[in-house]
Amino acid sequence: MPSRGTRDVLPAESRVRARIEAAAARLMARYGFGRITTPTFEETEVFVRGVGTSTDIVRKEMYTFTDRGGRSLTLRPEGTAPVARAFAEHGMHKLPAPVKLWYLAPMFRFEAPQSGRFREHWQVGAEAFGSEDPLLDAEMITLLADLYADLGVPGVRLRLSSLGDPATRGPYRDLLVAHVEARAAGFGEEERMRLRDNPMRLFDSKDPHVQEVMAGAPRLADHLSEEARAHHDRVKGALDALGIAYEEDPTLVRGLDYYTRTVFEFTCDRLGAQSGIGGGGRYDGLVADLGGPPTPGVGFGTGVERITLALEAAGADADGAVVDCYLAVPDPALRPGLMPLVRELRRAGVRCESDLRGRGLKAMLRHAAGLGARLCVIVGPREHQEGMATVRDMRSGEQHEVPLGRLVEHVRGAVA
RNA sequence: GUGAACGUAGCUCAGUCGGUAGAGCUCCUGGUUGUGGUCCAGGCGGUCGUGGGUUCGAGUCCCAUCGUUCACCCCA
């Protein structure tokens with residue numbers, strides 16, 4: 001059994017994942033993103049400083065260990081901080097901005113596993129550094145929306161909000177805390193902790209009493225700075241121009257400390273409780289927090305397993321055919337001599353299989369059908385004698401003979 | 001981390017009041033010379049998640065543990 005919260009990805013699911021990965025790679029290239037691969041583990045400090053000490057990720061979800069050299073290392077729990085670290089480390093602020101980087105990598109978090117939530121999961125992510133332009137925010141959102149559209153992910157919705165900039169967030173926070181504290185009589189332990197660490201998250205509470213208090217609480221949307229409001233309006237204007245539908249949700253709060261201004265989240269209604277399929281936002285202070293030059297940035301991450309789940313829920317089945325052509329050689333004595341033919345077919349781009357278990361002809365045909373072969377090529381003693389091959393169409397059952405010398409060409413044409 | 005449900009063959013599941021483990025599907029072999037997907041016959045395949053306990057006897061009852069699932073929380 002794989003360790004709790006981890007899983008084996010078998011060939012059938014791997015085909016779906018390959019589609020997701022290919023769609024992502026294609027889209028990233030078109031949007032001008034270069035791929036980056038950062039290490040699977042980093043100095044713990046990168047995540048503590050990057051992700052923030054008030055987050056669940058840092059507080060209770062990291063796989064942290066001490067190596068033999070006494071360093072504290074952590075398995076990457078999220079993708080943005082390491083990419084920002086790499087950006088700073090390699091002096092990428094000298095490159096023409098925005099610098100666009102994308103990744104496909106596993107993330108590790110110590111979580112309570114359930115459907116759609118694992119201790120190891122893969123994310124496709126993208127980060128763009130060096131521009132505050134709201135049109136960049138809109139482009140990032142569009143890229144992610146295009147990915148879901150290309151893959152045919154059903155039931156996708158986009159929620160959008162602005163967290164404001166750090167300068168105005170402090171005063172708003174004080175306002176919010178004051179409002180809640182005056183009415184926090186019936187709050188439990190959990191709520192009090194949130195009030196202290198991240199009061200905005202109280203907006204998500206399911207507790208009726210808390211909801212009542214929060215309903216009358218001041219909204220960040222009404223307290224944005226002039227600049228933050230203008231930025232947000234420009235993002236929305238660009239999305240409108242692009243025809244990207246979104247819902248404004250002032251209670252949207254992402255659980256990572258580095259976000260500033262734009263935050264967004266895509267949800268999928270086929271996913272149950274873990275409905276978030278991807279999300280991101282702007283992090284204008286992150287690069288500086290990690291020791292780089294002050295550099296604004298926007299990014300997102302989206303979960304490969306969750307996309308797979310959504311696609312499965314939509315009944316998207318990957319093409320089950322594993323081979324195009326099956327070579328059946330009834331006489332065991334002829335098999336070694338015909339292995340080069342299988343090889344030739346494969347080198348000609350034909351997905352080709354043959355029996356490697358000592359089956360009889362009948363079982364070979366059954367095997368060929370099981371693999372979804374379109375054609376079965378039979379070369380028995382008689383054909384071999386005459387330099388011919390019998391080509392059977394597995395759907396119609398029709399057969400005809402083809403000279404062995406022209407077989408590769410013939411099969412390639414037939415399965416193309 | 002909290003609450004709840006569930007763990008029997010590769011898969012989907014049945015298993016009564018405790019009495020020596022079953023089906024369907026898959027896979028394999030046959031049904032007279034070298035022809036699949038239908039049909040027929042046969043076969044492979046299970047430490048009943050794991051460890052204790054109760055009992056003459058536990059898949060079945062009890063406890064613990066591990067895992068999965070659902071919800072909370074959080075997130076992708």
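Quick note: numbers below take in every heavy atom, side chains included, and nothing from hydrogens, waters or symmetry partners. Numbers restart at 1 for each chain; the letters A, B, ... are given by sequence-line order, proteins then strands. On a predicted model such as this, the values are computed, not experimentally measured, just so you know.
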Exercise. Atom CG of A:L202 and atom CG of A:L176: how far apart are they, to the nearest 0.5 Å?
Worked result: 7.0 Å
Problem set entry | From CG (A:L75) to CZ (A:R109), nearest 0.5 Å | 12.5 Å
Seminar exercise, completed: Residue pairs passing the ring pair (Phe, Tyr, Trp, His ring centres under 6.0 Å) test with at least one member in residues 9-31 of chain A, sequence neighbours excluded, are none
Exercise. Less than 4.0 Å between a side-chain N and a carboxylate O, is that true for A:D355 and A:R335?
Worked result: yes
Exercise. For RNA chain B, what residues of residues 76-88 of chain A have any heavy atom nearer than 4.0 Å?
Worked result: none
Seminar exercise, completed: Partner of A:T390 under side-chain hydrogen bond (donor to acceptor under 3.5 Å, both in side chains), picked from A:Q399, A:H400, A:E383, is A:E383
Exercise. On a whole-Å scale, what distance lies between the P atoms belonging to B:C48 and B:G34?
Worked result: 44 Å
Problem set entry | NZ/NE/NH1/NH2 to OD/OE distance under 4.0 Å, A:R261 and A:E132 | yes
Exercise. How many angstroms lie between CD in A:E78 and CZ in A:R76, if you round to the nearest 0.5 Å?
Worked result: 9.5 Å
For this session: Measure the OH-CG distance between A:Y172 and A:D222 for me, rounded to the nearest 0.5 Å.
Result: 8.5 Å
Exercise. In residues 46-65 of chain A, which residues come under 4.0 Å of RNA chain B by heavy atom?
Worked result: A:D56, A:E61
For this session: Evaluate the salt bridge (charged side-chain N to carboxylate O under 4.0 Å, His left out) criterion for residues A:R17 and A:E305: first the C-alpha distance (whole Å), next the side-chain angles of each, then the deciding distance (0.1 Å), finally the verdict.
Result: CA-CA 8 Å; A:R17 287 174 80 114; A:E305 288 79 6; 3.4 Å; yes
Exercise. Looking only at atom P, what distance separates B:G22 and B:G45, rounded to whole Å?
Worked result: 14 Å
Problem set entry | side-chain contact (heavy atoms from CB on, under 4.5 Å) involving A:R49 - partner list, sequence neighbours excluded | A:E45, A:L290
Exercise. Who passes ring-ring contact (aromatic ring centres under 6.0 Å, His included) against A:F33, sequence neighbours left out?
Worked result: none
For this session: Go ahead and write out RNA chain B as dot-bracket, 5' to 3': ( ) for pairs within the strand, [ ] for ones crossing earlier pairs, | when the partner sits on another strand, dots for unpaired; Watson-Crick or G-U wobble, both distances under 3.5 Å.
Result: (((((((..((((.....[..)))).(((((.......))))).....(((((..]....))))))))))))....
Exercise. Is a donor-acceptor pair below 3.5 Å formed from side chain A:R117 to base B:C70, judging by atom type as modelled?
Worked result: no
Problem set entry | Ionic contact status for A:E61 with A:R119, cut-off 4.0 Å | no
For this session: Looking at every strand, decide which applies to A:G116 at a 4.0 Å heavy-atom threshold: base, sugar-phosphate, or nothing.
Result: base
Seminar exercise, completed: Each nucleotide of nucleotides 28-41 of chain B classed B (base within 4.0 Å of a protein heavy atom), S (only sugar-phosphate) or -, in 5' to 3' order, makes SS-B--BBBB----
For this session: Decide salt bridge (charged side-chain N to carboxylate O under 4.0 Å, His left out) for A:E248 and A:K236; before the verdict, give the C-alpha distance in whole Å, the side-chain angles of both, and the deciding distance to 0.1 Å.
Result: CA-CA 9 Å; A:E248 271 237 67; A:K236 289 189 288 182; 2.5 Å; yes
For this session: Could you tell me whether A:E111 and A:K60 make a salt bridge, using a distance below 4.0 angstrom between a side-chain N and a carboxylate O?
Result: no
Problem set entry | Presence of salt bridge, A:R395 and A:D393, under 4.0 angstrom | no
Problem set entry | Whole-Å C1' distance, B:G46 and B:U32 | 37 Å
For this session: For B:C6 and B:C62, measure between their P atoms and round to the nearest Å.
Result: 11 Å
Exercise. With a 4.5 Å limit on heavy-atom distance, are the side chains of A:L160 and A:H232 in contact?
Worked result: yes
Problem set entry | Pair listing, side chain to side chain donor-acceptor pair (under 3.5 Å) test, anchored in residues 154-165 of chain A, at least two apart | A:R157-A:E247, A:R159-A:D249, A:R159-A:E265, A:D165-A:T168, A:D165-A:S225
Nucleotide N/O to protein N/O under 3.5 Å, stretch nucleotides 10-12 of chain B:
none

Exercise. Distance between the P atoms of B:A71 and B:G10, in whole angstroms?
Worked result: 29 Å
Exercise. Rounding to the closest angstrom, what is the interatomic distance between B:G37 and B:C27 at atom P?
Worked result: 10 Å
Exercise. Would you say the side chain of A:Y148 lies within less than 4.5 Å of the side chain of A:T302, judging by non-hydrogen atoms?
Worked result: yes
Problem set entry | Spatial distance of atom CG (A:L27) from atom CG (A:L151) [nearest 0.5 Å] | 8.5 Å
Exercise. Under a 4.0 Å N-O cut-off, is there an ion pair linking A:R85 with A:E42?
Worked result: yes
Exercise. So what does A:E111 hit on the nucleic acid, given a heavy-atom distance under 4.0 Å: a base, only sugar-phosphate, or nothing?
Worked result: base
For this session: Can you run down the ring pair (Phe, Tyr, Trp, His ring centres under 6.0 Å) pairs that involve residues 343-391 of chain A, sequence neighbours left out, and say none if there aren't any?
Result: A:Y326-A:H367
Problem set entry | P-based separation of B:A23 from B:A9 [nearest Å] | 14 Å
Just the table, please: protein N/O against nucleotides 66-68 of chain B N/O, every pair under 3.5 Å.
{"from": "B:U68", "atom 1": "OP1", "to": "A:G5", "atom 2": "N", "distance (Å)": "3.0"}
{"from": "B:U68", "atom 1": "OP2", "to": "A:R4", "atom 2": "NH1", "distance (Å)": "2.7"}

Problem set entry | Interatomic distance at P, B:G67 relative to B:G59, whole Å | 24 Å
For this session: With a 4.0 Å heavy-atom cut-off, tell me which residues in residues 409-416 of chain A come close to RNA chain B, sorted by residue number.
Result: none
Exercise. Please give, in whole Å, the distance from B:A71 C1' to A:L271 CG?
Worked result: 15 Å
For this session: Would you mind reading off the distance between A:R109 atom CZ and B:A76 atom C1', rounded to a whole angstrom?
Result: 6 Å
